[in-house]
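Each chain gets a letter, A, B and so on, in the order the sequences are listed, and its residues count up from 1. On a predicted model such as this, the values are computed, not experimentally measured, just so you know.
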2 protein chains.
Amino acid sequence: MARGSTRPTSRDVAQAAGVSQAAVSLVLGDKWRGRVSEPTARRVREAASELGYRPNLAARNLRLGRTRTVLLVVPALTTEFFAEVYTGAARVAAEHGFGVVLYPSPEGVGPARDPFASAQAALDGVIASSMAADALTAIRGDQLPLVMLDSDPEGSLGAATVNLDIADGIRQVTEHLLSLGHRSFLHLAADIPSWTFEVRARELATRLADAPGTELRTIRAPISIEGALNATEAALAAPGPRPTALVCDDDKLAAGAYKAVRRAGLRVPDDLSVTGLDDLGLATAIDPELTTVRLDAEAFGERGMRALLAVLEGRPPEKGDLPVSLVVRGSTTAPR
Amino acid sequence: MARGSTRPTSRDVAQAAGVSQAAVSLVLGDKWRGRVSEPTARRVREAASELGYRPNLAARNLRLGRTRTVLLVVPALTTEFFAEVYTGAARVAAEHGFGVVLYPSPEGVGPARDPFASAQAALDGVIASSMAADALTAIRGDQLPLVMLDSDPEGSLGAATVNLDIADGIRQVTEHLLSLGHRSFLHLAADIPSWTFEVRARELATRLADAPGTELRTIRAPISIEGALNATEAALAAPGPRPTALVCDDDKLAAGAYKAVRRAGLRVPDDLSVTGLDDLGLATAIDPELTTVRLDAEAFGERGMRALLAVLEGRPPEKGDLPVSLVVRGSTTAPR
DNA sequence: CAGCGAACGTTATACGTAACACTTGCTCGA
DNA sequence: TCGAGCAAGTGTTACGTATAACGTTCGCTG
């Protein structure tokens, strides 16, 4: 956008090159083949770089009615997971001449009157994590093309969805723990209403229902080390037999659980096997390293962007969930 | 931006309300006091909400030559530090009717032809971390008002700077370790060329030069757990007396160092005291909890945004560095 | 030599908004 | 009685761009 001293416009370039503004637009828009001669085109390009011309994107957007910019709505950026999702989405976008702008639903900022008042400056579409669902009504109001990440394929009001195969990840975790001999499970669940967490709870319950002689308890905590610490500490202090396996909804919760285990004078994995989900850097920073489910966040972002491009072009988006894989490290072992 | 079936414009609203487009603009722009009657204003507002009218921001931006949107340029979002900076900046921005858009210099995406081709859709100014300096030339080319975060106040080409008092943090770390009795120091430095890291090295060297009988070695690593692990492992395996204190450029490096210490069969803090810098969630997730320097990332973002607003309004930005504080936890103790 | 495409441009227009410059009717004070 | 002043609007314009529609000049073919 302009400074105090206004920037050169395409008309200024035209004047400098001795051509019409339309010719400038043609040359700089790379639509001049067969319409403008090579020498003239060169003159235009030289004049443009001479003046330091930058097209006014607001004007371009207005004219074209499209911006080649999409919005990625994510929950507060407190883990690197969504940073990687962004990276993947941005790469695919760049390959198609699109840009990606990030909208972290601002924690503590309080919902702006209209969360998109400014970011929506110019958007062709939106990719939104189901964890930032509160912003969704505003988006739907805008009727923008929408792709949901990790969201219920049924309940998404017809929006395209791109999902990680979380259920399969939980299945692998469960089978791993069962095969080690665990029978008494504790589920440390995130207390955020989001489809991605519902899937974890449902799959875990289903699998254990199929395994005779198992039992499952569930506790909830906000996704933070502090929250997980408190919830786990309370659960460990509860009367009755201690569970031998703790399945956490994500790695951060697992890190909090580690602290609770230490405080209780117990050890991971000897007294309690712990699993996470995400495979963030955190998973290998803690001791022992965490057995967790590896999610390919970058691929997730790439897939999300490709789906949005498909929607924009009226094509059907790719189907099928993205595969995940169990990474076995030192935080799980056979129960004593 | 518009869907296939075009969105209603202010003219459509005007027609529905039986007034002119100008009146709609006045009412919705809240500039109607004394120009439009209360009942008419109400009719306009009702028609607008009836039709689901949303102003076309591209048109507004073009008309006004300003967007009330600023760009926050950060290095790859691999820690929560910049997430908090964003939160602070976004809060202040919202209070002034501005929006903030994030531009994480995309790791592995490769510099777009013009890094701002799309994000710059409409920007009034830029806040940039000195750690993302590669993008800077492009910004300067745009001549946008600029505020630099953690950057050399001298060498910033006249751009306003907002700095954390990192030097004071390192001073506090050094005094803490000296008072515990440490004399042999190792500095695990980030191998990124950025002013904020130069300050750490300089201050540490200066302080130790003033303390008789001390020695200092420096090793470098990329900011990742893996990188820090490798560099520290090599240093610990080197011949000669082992240092007793390891000063890390940030918490993530410290987490990597922990792993190297464990692999060497040593323990923190008994065999080696370790300090970090940032006070991320990671600092309390690892065991023992990390003695580190607390940076108020949110305040940093707030200050940055306020500085940019000042520049935009032609006022001089606030001076003075933001204070930081040492947080002593379990990773430091007296040398044996 | 009529006529017909290329080649090389130009002119004109619209995108949707905000704001300036007007108009019209009324009230009110001198 | 008359004009100043105000309320309550409307008409028009410009922001900078991309493109559809329109000329003009050639060279060439039949």
For this session: Starting at atom CZ of B:R66, determine the distance to atom C1' of C:dT17, rounded to an integer number of angstrom.
Result: 12 Å
Exercise. Would you say the side chain of A:F197 lies within less than 4.5 Å of the side chain of A:S130, judging by non-hydrogen atoms?
Worked result: no
Problem set entry | Chi angles and distances behind the salt bridge (charged side-chain N to carboxylate O under 4.0 Å, His left out) call for B:R42, B:E38 | CA-CA 6 Å; B:R42 189 167 31 245; B:E38 176 63 49; 3.6 Å; yes
For this session: Would you indicate, yes or no, if D:dC15 has its OP1 or OP2 atom less than 4.0 angstrom from a side-chain nitrogen or oxygen of A:T9?
Result: no
Exercise. Rounded to whole angstrom units, what separation is found between the CZ atom of B:R54 and the P atom of C:dT17?
Worked result: 13 Å
For this session: Give the rounded distance in Å between these two atoms: CD of A:Q15 and C1' of C:dT10.
Result: 16 Å
Problem set entry | Sub-4.5 Å side-chain heavy-atom contact between A:L28 and A:Y53 | yes
Exercise. Which of the following nucleotides, C:dG16, C:dG9, C:dT10, is nearest to the side chain of A:V36?
Worked result: C:dG9
Problem set entry | Selected nucleotide, minimal atom distance to B:L62 side chain, candidates D:dT10, C:dT17, D:dC15 | D:dC15
For this session: Using a 4.0 Å heavy-atom cut-off across all strands, classify B:R35 as base, sugar-phosphate, or nothing.
Result: base
Problem set entry | Euclidean distance, atom CH2 of residue B:W32 to atom C1' of C:dT17 [Å, nearest integer] | 20 Å
For this session: Show the numbers, then the answer: is there a side chain to side chain contact (heavy atoms under 4.5 Å, CB included) between A:V27 and A:V19?
Result: CA-CA 11 Å; A:V27 171; A:V19 297; over 6 Å; no
Problem set entry | Nearest-angstrom distance from the residue atom CG of A:L57 to C1' of C:dC15 | 16 Å
Problem set entry | Distance, rounded to the nearest Å, where A:Y53 contributes OH and D:dG16 contributes P | 10 Å
For this session: Check every atom of C:dG16, D:dG16, D:dT10 against the side chain of A:N56 and return the nucleotide holding the closest atom.
Result: D:dG16
Exercise. Are any of B:S20's side-chain N or O atoms less than 4.0 Å away from OP1 or OP2 of D:dG9?
Worked result: no
Exercise. What integer distance in Å separates A:R60:CZ from C:dG16:C1'?
Worked result: 18 Å
For this session: Measure the distance from CZ on A:R33 to P on C:dG9 and round it to the nearest whole Å.
Result: 16 Å
For this session: Scan B:L123, B:D124, B:V70 and name whichever one has a side-chain contact (heavy atoms from CB on, under 4.5 Å) with B:L144.
Result: B:L123
Exercise. Between D:dT10, C:dT11, C:dT17, which nucleotide gets closest to the side-chain atoms of B:A23?
Worked result: D:dT10
For this session: Could you work out which one of C:dT11, D:dT10, C:dG16 sits closest to the side chain of A:A22?
Result: C:dT11
For this session: Using a cut-off of strictly less than 4.0 Å, decide whether B:S10 has a side-chain nitrogen or oxygen near OP1 or OP2 of C:dT17.
Result: yes
Exercise. What nucleotide among D:dG9, D:dT17, C:dA19 has an atom nearest to a side-chain atom of B:Q21?
Worked result: C:dA19
Exercise. 5'-most contact on DNA chain C: B:K31 or B:A59, nearest heavy atom basis?
Worked result: B:A59
Exercise. Touch check for B:S25, heavy atoms < 4.0 angstrom, all strands: base, sugar-phosphate only, or nothing?
Worked result: base
For this session: Taking all non-hydrogen atoms of both residues into account, name the closest pair between A:A310 and A:P317 and its distance.
Result: CB-CA, 3.9 Å
Exercise. In terms of side-chain heavy atoms of A:T40, which of C:dT11, C:dG9, C:dT17 is nearest?
Worked result: C:dG9
